[in-house]
Amino acid sequence: MKFDLHCHSYYSDGQLSPAELLALAKEVGITHLALTDHDTLNGLPDAAAAAQQQQLHLINGVELSCSWNGQLLHVLGLGVDPKNPELIAGIERNTELRLSRAKAMVEDFSRHGIELEEEVNGLLNGAVPTRPHFAEALVNLGYAKNKNQAFKRYLVRGKPGFIPMQWPLLQEVAEWIVGASGTAVLAHPLRYKLTRTKLVRLIEEMQEAGVRAMEVSSANLDLQQVKMLADLAVQHKLLGSVGSDFHALDQPWARLGGARDIPETVTPVWSELAVA
């Protein structure tokens, strides 16, 4: 079995449709895939139909934004019930936050002489608006050469387009996931650039909140980083997950199925998921 439990479709900030994503998963040998779009479950019906066609096992997922001590975190919900009222209400809350931020971003860019609303709306395709949509719009309109440059010139603190967010607390998001019969997983723990002391503190506090798993392997991690996270998972009795965080074909650092296998010392998160 080959797992990739973190990827995105065009229902959030990914490039591919769920059908294209599942076809690619089949091509690269993935047997179990979790679609984890940002703050939306809308892609899951299409993904389920495509998974049946490709004869792959789909795990219902979502990636939720939240806050811990003022730090933005992303927590995955794996194996969630997409019809759970509490989860749906939480996602609607985050969606409203994203919509309000997008409106404020459009207005802020306009104050700086940059009109992005039409271009951003053309990119959404029914998706929840995210900062990468704005970065792509900036590239398309010639304000940046690529998305990396767009994020350096804009969209960050002190630059045009930066709008601070007040996301729900980690404890709340964990409750949504657990209440929907899912397993809560801390996504890409090294991306937050925490010291080891702060990362251990986060692990301890997130466990108290109900987050019982952590991504031990992502597509952009080397062997030493995977081992370090695996050791932490074992030490704190966390389940370990693996996910590429795939978004687009032109991002070779996050290839679908590109994450290393988690070490055998770690109990895999799929031991608690309904997989065959």
Side-chain angles (χ1 to χ4, degrees), residues 6-18 20-21 35-47 61-67 71-77 80 82 87-168 172-173 176 187-188 191 245-251 254:
H6 187 175
C7 64
H8 301 272
S9 76
Y10 65 23
Y11 278 93
S12 61
D13 58 347
Q15 178 188 63
L16 304 181
S17 68
E20 292 169 329
L21 185 65
L35 177 59
T36 54
D37 278 319
H38 291 283
D39 299 307
T40 181
L41 301 166
N42 291 344
L44 292 180
D46 289 355
V62 65
E63 183 170 9
L64 297 169
S65 296
C66 62
S67 175
Q71 168 78 52
L72 169 66
L73 298 179
H74 287 166
V75 175
L76 304 174
V80 294
L87 177 61
I88 292 171
I91 288 173
E92 288 175 350
R93 177 177 166 187
N94 272 14
T95 296
E96 286 302 315
L97 287 172
R98 288 189 179 276
L99 291 172
S100 297
R101 179 179 67 173
K103 181 180 178 181
M105 290 169 71
V106 165
E107 293 171 351
D108 191 53
F109 274 116
S110 184
R111 284 192 291 269
H112 289 83
I114 301 174
E115 302 298 335
L116 289 183
E117 185 171 15
E118 184 176 348
E119 186 67 26
V120 170
N121 287 340
L123 295 171
L124 291 179
N125 193 34
V128 179
T130 65
R131 291 194 309 151
H133 289 118
F134 280 83
E136 186 174 351
L138 289 163
V139 173
N140 292 349
L141 295 177
Y143 291 101
K145 292 181 179 179
N146 52 50
K147 286 186 178 181
N148 285 339
Q149 189 180 79
F151 272 104
K152 289 180 180 179
R153 291 183 176 179
Y154 312 95
L155 302 168
V156 293
R157 190 175 299 277
K159 302 290 185 179
F162 175 77
I163 303 296
M165 293 284 282
Q166 291 188 343
W167 295 108
E172 295 178 88
V173 167
W176 302 346
H188 39 65
R191 191 173 300 178
D245 197 11
F246 172 82
H247 283 76
L249 294 169
D250 61 356
Q251 297 178 355

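Computation of the quantities below employed the complete heavy-atom set of this structure, encompassing side-chain atoms and omitting hydrogens, waters and symmetry-equivalent molecules. Because the structure is a prediction, the values reported are computed rather than measured.
For R98, the side chain to side chain donor-acceptor pair (under 3.5 Å) partners at least two apart in sequence or on another chain are D39, S65. Listed by chain and residue number, V139, Q149, A150 satisfy the side-chain contact (heavy atoms from CB on, under 4.5 Å) test with A144 (two or more places apart in sequence, or in another chain).
Checked by atom type and distance alone, the side chain of S100 pairs as donor or acceptor with a backbone atom of E96 at under 3.5 Å.
The shortest non-hydrogen separation linking S12 to T40 is CB-CG2, 4.4 Å. Between P132 and K147 the shortest heavy-atom distance is O-CE, 4.0 Å. Across all non-hydrogen atoms, the minimal contact from L124 to P129 is CD2-CA, 3.7 Å. Shortest non-hydrogen contact noted between V75 and C66 is CG2-SG, 3.8 Å. Counting all heavy atoms, side chain and backbone alike, K152 lies closest to K159 at O-CE, 3.8 Å.
Looking at D13 and H133, their side chains never bring a donor and an acceptor atom within 3.5 Å of each other. Side-chain atoms of H6 and E63 include a donor-acceptor pair closer than 3.5 Å.
Two residues are said to be in side-chain contact when any heavy atoms from C-beta on lie closer than 4.5 Å; S67 and L72 fail this criterion. Contact check for Q71 versus L73: side-chain heavy atoms found under the 4.5 Å cut-off. Within the 4.5 Å cutoff, no side-chain heavy atoms of Y11 are placed close to those of S17.
Atoms CD1 and CG, from I88 and L41 in turn, are 7.0 Å apart once rounded to the nearest 0.5 Å. In this structure, CG in L21 is found 6.5 Å from CZ in F246, a value given to the nearest 0.5 Å. Atom-to-atom distance recorded for L16:CG and Y10:OH is 9.5 Å, nearest 0.5 angstrom.
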Yes or no on side-chain contact (heavy atoms from CB on, under 4.5 Å) for L141 and I114, after CA distance, side-chain angles and deciding distance?
-> CA-CA 9 Å; L141 295 177; I114 301 174; 5.7 Å; no

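Residue pairs that meet the salt bridge (Lys or Arg N to Asp or Glu O under 4.0 Å) test with at least one member in residues 110-130, sequence neighbours left out, are D108-R111.
Aromatic ring pairs are classed by plane angle as parallel below 30°, tilted from 30° to 60° and perpendicular above 60°; the pair H8 and H38 is parallel.
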